[in-house]
Amino acid sequence: MKKYSFIYLLLFLSMPLISCSLSMASPYELPEIEAIFMETKALCSEDNGMLWGRTLDVPILLVDKENGIIYSNRPSEKLGLTSYREIYTGILPDFIAVVKGPVKIENQIWAVIPLPLPSDKTERQCILLHEAFHCLQPEMDLKPEPYSNQHLDEMEARFWLKLEWKALELALKNEGENKRQAITDAICFRFYRRALYSKCTGCENRFEIHEGLAEYTAQKICRTDSDLKLYLQDKLHEIWQSTSFVNCFAYFSGPVYAYLLDGTETNWRLNLGASDDIAILVQSAYDIALPFDIYMEAEERSVLYNGAQIMGEELDREMAFNK
């Protein structure tokens with residue numbers, strides 16, 4: 001009896017250790033990290049600064065918080081990194097906050113990205129290049145002022161945003177005059193929403209420039225044109241299901257408007273500003289004259305995009321939240 005009691009005691013005492021070992025993720029092997037950085041370098045070399053006139057090959061810091069390890073594609077004395085072939089590694093210092101985004105280290109802006117990364121090559125490289133673009137935005141005057149889009153949790157704002165998205169989806173699927181009409185509808189729905197929430201127009205623009213263009217850049221470099229179009233269509237179906245659009249709408253709207261601009265002969269990136277309305281650039285590039293009464297047009301055209309069904313969805317959401 002004492003023998004079994006001793007075994008149970010040992011099992012009890014070892015449970016925290018077993019739990020700890022099971023929850024602790026294994027660190028990346030250095031050749032794995034090197035391969036990831038080589039993928040990024042190859043994509044940046046292929047782009048060669050063509051998209052924005054600047055290379056996206058910026059200092060990147062991959063952070064394994066759980067194991068307290070950092071990996072980089074650049075050397076740094078401050079970070080105390082040691083070299084391994086083409087990459088560098090070290091111990092996670094206290095002054096690095098493990099939050100995705102740009103961080104200034106030794107007068108350079110680094111893209112800090114927490115591990116783990118997706119196993120799919122395109123998905124993980126889109127994350128790296130998205131964050132790399134954020135590092136370049138200040139020098140391109142594309143880093144906007146702070147913004148908040150809480151109004152997009154309100155029923156009417158969501159309704160008109162969804163109509164804008166449905167019209168953009170149709171624009172992706174069509175060519176010629178049908179495409180122009182769908183773009184016109186999207187901009188009319190956009191104007192209607194912004195008339196209801198006029199104080200929020202600047203915040204929407206800044207979010208689309210800040211996060212929308214970072215997402216567009218990553219997807220544009222990592223995908224073929226046809227693959228990008230399919231990705232954007234899939235993205236709409238994914239984002240449509242979100243309980244809130246406040247912090248995600250620009251990840252679809254921004255890349256779609258940018259993709260539509262790429263279908264024109266305009267050099268739209270050249271004079272782009274941090275507060276520009278990217279939809280207005282699309283309107284100009286497609287030489288679209290908006291209807292005299294935009295709001296009446298928007299209400300009438302909403303029927304063609306299942307407006308009643310969308311309003312029903314939003315009423316159901318509103319009732320569920322107010323229970």
Side-chain angles (χ1 to χ4, degrees), residues 36-62 73 100-103 108-113 117-118 120-144 147 168 172 204-236 238-239 247-282 285:
I36 291 170
F37 280 134
M38 290 303 101
E39 290 169 0
T40 310
K41 191 173 185 65
L43 288 168
C44 292
S45 296
E46 187 178 346
D47 171 61
N48 197 30
M50 292 291 291
L51 196 61
W52 290 102
R54 292 165 172 78
T55 180
L56 287 160
D57 186 14
V58 304
I60 298 173
L61 197 64
L62 300 179
N73 59 345
K100 191 188 297 180
V103 174
Q108 278 190 305
I109 300 178
W110 295 58
V112 174
I113 302 168
L117 291 169
D120 180 79
K121 175 184 174 181
T122 300
E123 289 182 18
R124 67 171 172 263
Q125 287 305 322
C126 282
I127 291 173
L128 267 67
L129 292 177
H130 180 114
E131 298 307 323
F133 182 76
H134 281 321
C135 294
L136 298 179
Q137 282 180 298
E139 66 184 64
M140 294 191 292
D141 293 326
L142 291 178
K143 183 181 179 182
Y147 48 81
L168 288 174
L172 288 174
E204 288 190 17
N205 290 343
R206 292 195 291 273
F207 189 22
E208 287 173 338
I209 294 294
H210 185 219
E211 291 294 350
L213 289 187
E215 187 66 8
Y216 154 77
T217 299
Q219 300 295 339
K220 174 84 172 176
I221 290 176
C222 289
R223 300 179 188 274
T224 64
D225 187 75
S226 58
D227 185 33
L228 178 54
K229 182 190 287 190
L230 289 173
Y231 165 81
L232 291 172
Q233 291 170 352
D234 290 341
K235 186 68 177 177
L236 172 59
E238 173 193 322
I239 208 168
N247 295 315
C248 67
F249 78 91
Y251 289 86
F252 176 73
S253 300
V256 171
Y257 280 117
Y259 179 84
L260 292 172
L261 282 167
D262 283 345
T264 69
E265 296 179 356
T266 57
N267 190 4
W268 63 274
R269 300 181 203 91
L270 187 62
N271 298 310
L272 188 67
S275 59
D276 282 352
D277 184 343
I278 195 169
I280 297 300
L281 300 182
V282 172

Q: Please list, chain by chain and in numerical order, all residues satisfying ring-ring contact (aromatic ring centres under 6.0 Å, His included) with Y216, sequence neighbours excluded.
A: W268
Q. Which heavy atom in A218 sits nearest to a heavy atom in C126, and how many Å separate them?
A. CB-O, 3.2 Å
Q.
For L261, is there any backbone N or O sitting under 3.5 Å from a side-chain donor or acceptor partner on T264?
A. yes
**Q.** Spacing of CD belonging to E211 relative to NE2 belonging to H134, to within rounding of 0.5 Å
**A.** 3.5 Å
**Q.** Straight-line distance of D225 CG to L230 CG, nearest 0.5 Å
**A.** 10.0 Å
Q | Heavy-atom side-chain proximity of I278 to D276 below 4.5 angstrom | A | no
**Q.** Within-4.5 Å side-chain heavy-atom neighbours: P255 and Y259
**A.** no
Q | For E123 against D120, the heavy-atom pair lying closest together | A | N-OD2, 2.9 Å
Q | Rounded distance (nearest 0.5 Å) linking atom CD of E204 with atom CZ of F249 | A | 4.5 Å
(Q) Contact between L129 and D47 at the side-chain level, heavy atoms closer than 4.5 Å - yes or no? (A) no
Q. Is there side-chain contact between H130 and T217, with at least one heavy-atom pair below 4.5 Å?
A. no
Q.
Pairing donors with acceptors under 3.5 angstrom, does anything connect the side chains of Y147 and N205?
A. no
Q: For residues C44 and T55, report the shortest heavy-atom separation together with the two atoms involved.
A: CB-OG1, 4.2 Å
Q) Quick one: which of L272, L260, N271 gives a side-chain contact (heavy atoms from CB on, under 4.5 Å) with L281? A) L272
Q.
Restricting to non-hydrogen atoms, name the atom on P118 and the atom on I127 that form the minimum distance, rounded to 0.1 Å.
A. CD-CD1, 3.6 Å
Q | Heavy-atom side-chain proximity of L128 to I36 below 4.5 angstrom | A | yes
Q | Full working for salt bridge (Lys or Arg N to Asp or Glu O under 4.0 Å) between E215 and K235 | A | CA-CA 12 Å; E215 187 66 8; K235 186 68 177 177; 5.2 Å; no
Q. Are any non-hydrogen side-chain atoms of L232 and L168 less than 4.5 angstrom apart?
A. no
Q: State, yes or no, whether a side-chain contact exists between D57 and N73 at a heavy-atom distance under 4.5 Å.
A: yes
Q: Quick one: closest heavy-atom pair of W110 and L61, and the distance?
A: CE3-CB, 4.2 Å
Q: Could you tell me the separation between the CD atom of Q233 and the CG atom of L228, rounded to the nearest 0.5 Å?
A: 10.0 Å
(Q) Is it true that Y231 and Q219 share a donor-acceptor pair across their side chains at a distance under 3.5 Å? (A) yes
(Q) Tell me which pairs pass salt bridge (charged side-chain N to carboxylate O under 4.0 Å, His left out) where either residue lies in residues 127-142, with sequence neighbours left out. (A) R54-E139
Q | Closest contact, heavy atoms only, L51 versus R269 | A | O-CD, 3.0 Å
Q. In Å and rounded to the nearest 0.5 Å, what is the CG to OG1 distance from L62 to T40?
A. 8.0 Å
Q. So, do L213 and W52 sit near enough that their side-chain heavy atoms are less than 4.5 Å apart?
A. yes
Q) How many angstroms lie between CG in N48 and CG in L56, if you round to the nearest 0.5 Å? A) 11.0 Å
